Structure formats: C-alpha cells, structure tokens
Q: 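Attaching a single structure in structure tokens format; questions to follow.
Note that the coordinates shown come from a computational prediction; the quantities given were computed from them, not determined experimentally.
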Amino acid sequence: AAAAAGLALAMAARHWLRRPVREVLFFPSPPSCTEALLAEAEGPGAPAQPCPCPLPRSDCSLSRLLRRLLSARRSLEICLFAFSCPQLGRAVRLLHRRGVRVRVVTDAQYMGLRGSQIGLLRHAGIQVRHDQGHGYMHHKFAIVDRRMLITGSLNWTTQAIQTNRENVLVVEDAEYVKPYLDEFERIWEEYNPTNYRFL
C-alpha cells in the first residue's frame with residue numbers, strides 16, 4: 001500500500017511539475033514520412049507496416065505539429081481559413097475516431113476547393129461550420145483540450161507546409177488560451193446553420 005501511495009504521489013508530482021509547452025515551429029518543413037507517427041496514433045490494434053515511400057523519417061515542423069494535435073484526449077477546436085494537408089486531415093479524423101470532440105470552423109469559399117479536407121471531415125461525422133457573410137474567415141488556430149493553443153500564419157495546406165515561410169506558436173498558457181476559446185465559441189454560435197439567411 002505504501003509503495004502504491006508513493007507511486008501515485010510521484011505521478012501527481014510529475015504532472016504538476018511538468019513544464020508547460022512553449023514551442024515555435026517554422027516552415028517550410030522539409031519533406032519527411034509521417035506514416036509511422038500516424039500509424040502509431042491509430043492505436044494498438046493498427047497493423048504495423050513499414051512505409052515504402054522514399055522520404056526520410058526525420059523530426060520536422062510538420063511531425064512536431066502532428067504530435068501536438070495527436071496529444072488531444074478530450075477536445076479539439078480548429079479555426080482555419082484553408083485546410084488541405086492530408087496528414088493533418090488524417091490526424092483530425094483519427095482523433096474523432098478515438099472519441100475526441102472535434103469542431104471545425106472554416107471559410108465557405110475555400111472549403112470547397114479541390115483537395116480540401118473539409119468534405120472528408122464532414123463525411124467522418126465531424127462538426128463543421130462556415131461563414132455566410134462578406135470577408136474571409138481568416139483565422140488560423142487550434143485549441144487542444146482547452147489548454148494548448150496552436151496559432152500562427154500557417155494555413156493547413158500542403159503548399160504552405162512545404163513551400164511558404166510560415167510560423168506556428170504552440171503554448172500552454174490559460175491567459176492566451178481563454179481569449180481564443182472565447183473567440184471560437186463566439187464564431188461557432190454565429191455560424192450556427194439555424195442563423196443562416198437564404199435570400
């Protein structure tokens with residue numbers, strides 16, 4: 001009993017002493033294979049097959065962004081202008097299948113473009129809402145488990161990840177997370193389909 005109590009205390013202390021995430025990612029990200037990372041996220045029952053692609057298996061900005069997203073256990077709010085990266089789309093669908101509550105807000109004009117992941121997300125049963133008014137829904141942020149903010153200039157597109165000069169800040173800080181959560185909830189309600197006006 002004493003050993004179990006000691007282990008519980010040690011685990012609690014490790015949780016409380018864990019340093020909050022503070023990470024900056026820069027793009028373009030060099031091409032790399034993320035298949036092993038995504039296959040591992042599928043769960044223990046997923047078939048482990050080596051990826052035949054010739055890309056290197058290296059740590060890069062894209063793999064680090066994927067790890068942050070895949071750390072979600074309860075919720076993921078995503079607010080994006082454009083979303084066409086297949087790896088990020090697969091990660092979001094994996095989270096949904098694991099039981100994470102995923103909600104997505106996007107721009108109406110860009111969600112229907114060729115390569116967009118939005119249709120796949122909707123087909124998977126993920127809630128998606130979009131703007132109906134003038135101007136773009138130009139935000140680019142995600143919130144993991146209501147505690148970790150991912151934001152920056154990056155649209156979640158293959159071109160932005162592989163070609164553009166972009167930045168992403170990942171931070172666990174309630175002072176910054178709360179305003180983004182508030183903004184997401186405000187937009188989520190504003191874009192409720194029951195509020196749409198069809199002329």
Side-chain angles (χ1 to χ4, degrees), residues 18-42 51 53-73 75-96 100 102-107 109-111 113-118 120-121 126 128 135-184 187:
R18 184 180 67 84
R19 294 173 59 173
V21 173
R22 301 274 189 277
E23 185 172 21
V24 177
L25 306 175
F26 290 109
F27 295 82
S29 186
S32 66
C33 180
T34 57
E35 181 58 33
L37 176 62
L38 289 165
E40 181 184 328
E42 294 271 6
C51 181
C53 82
L55 294 175
R57 279 75 168 162
S58 60
D59 189 41
C60 62
S61 292
L62 175 57
S63 65
R64 288 158 66 191
L65 177 57
L66 281 165
R67 281 191 195 93
R68 294 302 182 195
L69 287 173
L70 291 168
S71 72
R73 294 295 174 261
S75 64
L76 176 64
E77 280 79 34
I78 300 172
C79 202
L80 285 175
F81 177 59
F83 188 172
S84 63
C85 174
Q87 295 95 329
L88 293 172
R90 182 174 165 194
V92 172
R93 294 192 307 274
L94 283 172
L95 290 171
H96 174 69
V100 173
V102 179
R103 295 183 293 165
V104 179
V105 167
T106 192
D107 184 78
Q109 294 182 45
Y110 275 73
M111 70 180 193
L113 293 183
R114 183 184 179 119
S116 174
Q117 292 290 303
I118 298 302
L120 293 172
L121 299 182
I126 294 171
V128 177
Y136 293 122
M137 201 306 299
H138 210 242
H139 282 314
K140 303 163 188 74
F141 68 86
I143 303 162
V144 174
D145 289 340
R146 305 180 69 83
R147 63 172 176 76
M148 181 165 55
L149 172 66
I150 300 170
T151 189
S153 65
L154 184 75
N155 278 307
W156 291 12
T157 67
T158 301
Q159 178 178 342
I161 289 165
Q162 294 182 353
T163 309
N164 295 353
R165 296 286 175 189
E166 306 277 3
N167 67 84
V168 170
L169 175 67
V170 185
V171 61
E172 285 182 318
D173 188 323
E175 184 179 350
Y176 294 102
V177 172
K178 185 180 184 311
Y180 279 87
L181 269 174
D182 291 345
E183 174 70 354
F184 183 90
I187 295 173

Q: So do Leu62 and Leu88 actually touch side chain to side chain, heavy atoms under 4.5 Å?
A: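 A side-chain contact exists here, since the closest heavy-atom pair is under 4.5 Å.
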Q: Applying the side-chain contact (heavy atoms from CB on, under 4.5 Å) criterion to Leu76, which one of Val92, Ile126, Val104, Ile143 satisfies it?
A: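 With Leu76 as partner, Val92, Ile126, Val104, Ile143 yield a single side-chain contact (heavy atoms from CB on, under 4.5 Å), made by Val92.
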Q: Looking at every non-hydrogen atom in both residues, tell me the closest pair between Cys85 and Ile161 and how far apart they are.
A: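 Heavy-atom minimum between the residues: SG-CD1, 3.6 Å.
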Q: Answer yes or no: is there a donor N or O on one side and an acceptor on the other, between the side chain of Ser84 and the main chain of Thr157, under 3.5 Å?
A: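 A pair under 3.5 Å: no.
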Q: Report the residues that fulfil ring pair (Phe, Tyr, Trp, His ring centres under 6.0 Å) with Phe141, sequence neighbours left out, ordered by chain and then residue number.
A: His139, Tyr180
Q: Any chance you could measure His138, atom NE2, to Leu80, atom CG, to the nearest 0.5 Å?
A: 11.0 Å
Q: Taking only residues two or more places apart in sequence, or in another chain, which ones meet Leu55 in a side chain to side chain contact (heavy atoms under 4.5 Å, CB included)?
A: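 With neighbours one apart ignored, the set is Pro31, Cys33, Cys53.
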Q: Output all residues satisfying salt bridge (charged side-chain N to carboxylate O under 4.0 Å, His left out) with Glu183, sequence neighbours left out; order by chain, then residue number.
A: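 Glu183 satisfies salt bridge (charged side-chain N to carboxylate O under 4.0 Å, His left out) with Arg186 only.
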Q: Assess whether side-chain contact (heavy atoms from CB on, under 4.5 Å) is satisfied between Arg146 and Val177, documenting all intermediate values.
A: CA-CA 7 Å; Arg146 305 180 69 83; Val177 172; 5.6 Å; no
Q: List the residues meeting side chain to side chain contact (heavy atoms under 4.5 Å, CB included) with Arg73, not counting sequence neighbours, and say none if there are none.
A: Arg98, Asp145
Q: Provide the full list of salt bridge (Lys or Arg N to Asp or Glu O under 4.0 Å) pairs with a residue in residues 24-38, sequence neighbours left out, each pair given once.
A: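 For residues 24-38, and leaving out neighbouring residues, the salt bridge (Lys or Arg N to Asp or Glu O under 4.0 Å) pairs sorted by first residue read Glu35-Arg90.
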Q: Flag the pair Leu65 / Leu154 as yes when at least one side-chain heavy-atom distance between them is below 4.5 Å, and no otherwise.
A: yes
Q: Are Met137 and Cys79 close enough that some pair of their side-chain heavy atoms sits under 4.5 Å apart?
A: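 Yes. Closest side-chain heavy atoms under 4.5 Å.
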Q: Glu166: what forms a salt bridge (charged side-chain N to carboxylate O under 4.0 Å, His left out) with it, not counting sequence neighbours?
A: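 Listed in chain order: nothing, the list is empty.
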Q: Which atom names give the shortest non-hydrogen contact between Met148 and Ser71, and what distance separates them?
A: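 In this case the closest contact between Met148 and Ser71 is CE-OG, 3.5 Å.
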Q: Closest heavy-atom contact between Leu94 and Ala41?
A: CD1-CB, 4.0 Å
Q: List in chain and number order the residues that pass salt bridge (charged side-chain N to carboxylate O under 4.0 Å, His left out) with Arg22, two or more places apart in sequence or in another chain; answer none if no residue qualifies.
A: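 Partners of Arg22 by the salt bridge (charged side-chain N to carboxylate O under 4.0 Å, His left out) criterion, ordered by chain and then number, come out as Asp173.
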Q: Work out which heavy atom in Leu149 is nearest to a heavy atom in Tyr176; give both atom names and the distance.
A: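 Smallest heavy-atom distance, with atoms named: CD2-O, 4.2 Å.
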Q: Kindly write out the residues that satisfy side chain to side chain contact (heavy atoms under 4.5 Å, CB included) with Gln162, not counting sequence neighbours, or none if the list is empty.
A: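 Expected list: Thr158.
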Q: OH/Tyr110 to CZ/Phe81 distance, rounded to the nearest 0.5 angstrom?
A: 4.0 Å
Q: Run the salt bridge (charged side-chain N to carboxylate O under 4.0 Å, His left out) test against Arg103 and tell me which residues pass, sequence neighbours left out.
A: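 By the salt bridge (charged side-chain N to carboxylate O under 4.0 Å, His left out) rule, Arg103 matches Glu77, Glu185.
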Q: Could you state the interatomic distance from OG1 (Thr106) to CD1 (Ile78), rounded to the nearest 0.5 Å?
A: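 Nearest 0.5 Å value for the OG1-CD1 distance: 10.0 Å.
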Q: Enumerate the residue pairs fulfilling ring-ring contact (aromatic ring centres under 6.0 Å, His included) with a member in residues 148-171, sequence neighbours excluded, ordered by first and then second residue.
A: Phe83-Trp156
Q: By side chain to side chain contact (heavy atoms under 4.5 Å, CB included), which residues pair with Asp59, not counting sequence neighbours?
A: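 Testing Asp59 for side chain to side chain contact (heavy atoms under 4.5 Å, CB included), a comparison that skips the adjacent residues, returns Ser63, Arg64, Arg67.
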Q: For residues Leu66 and Ala91, report the shortest heavy-atom separation together with the two atoms involved.
A: CD2-CB, 3.7 Å
Q: Evaluate the side-chain proximity of Arg68 to Ile150: yes if any heavy-atom separation is below 4.5 Å, no if none is.
A: yes
Q: Listed by chain and number, what are the ring pair (Phe, Tyr, Trp, His ring centres under 6.0 Å) partners of Phe27, not counting sequence neighbours?
A: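 Scan of Phe27 (ring pair (Phe, Tyr, Trp, His ring centres under 6.0 Å), adjacent residues dropped) gives none.
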Q: How far apart are the closest heavy atoms of Glu23 and Leu25, and which atoms are they?
A: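 Looks like OE2-CD2, 3.5 Å.
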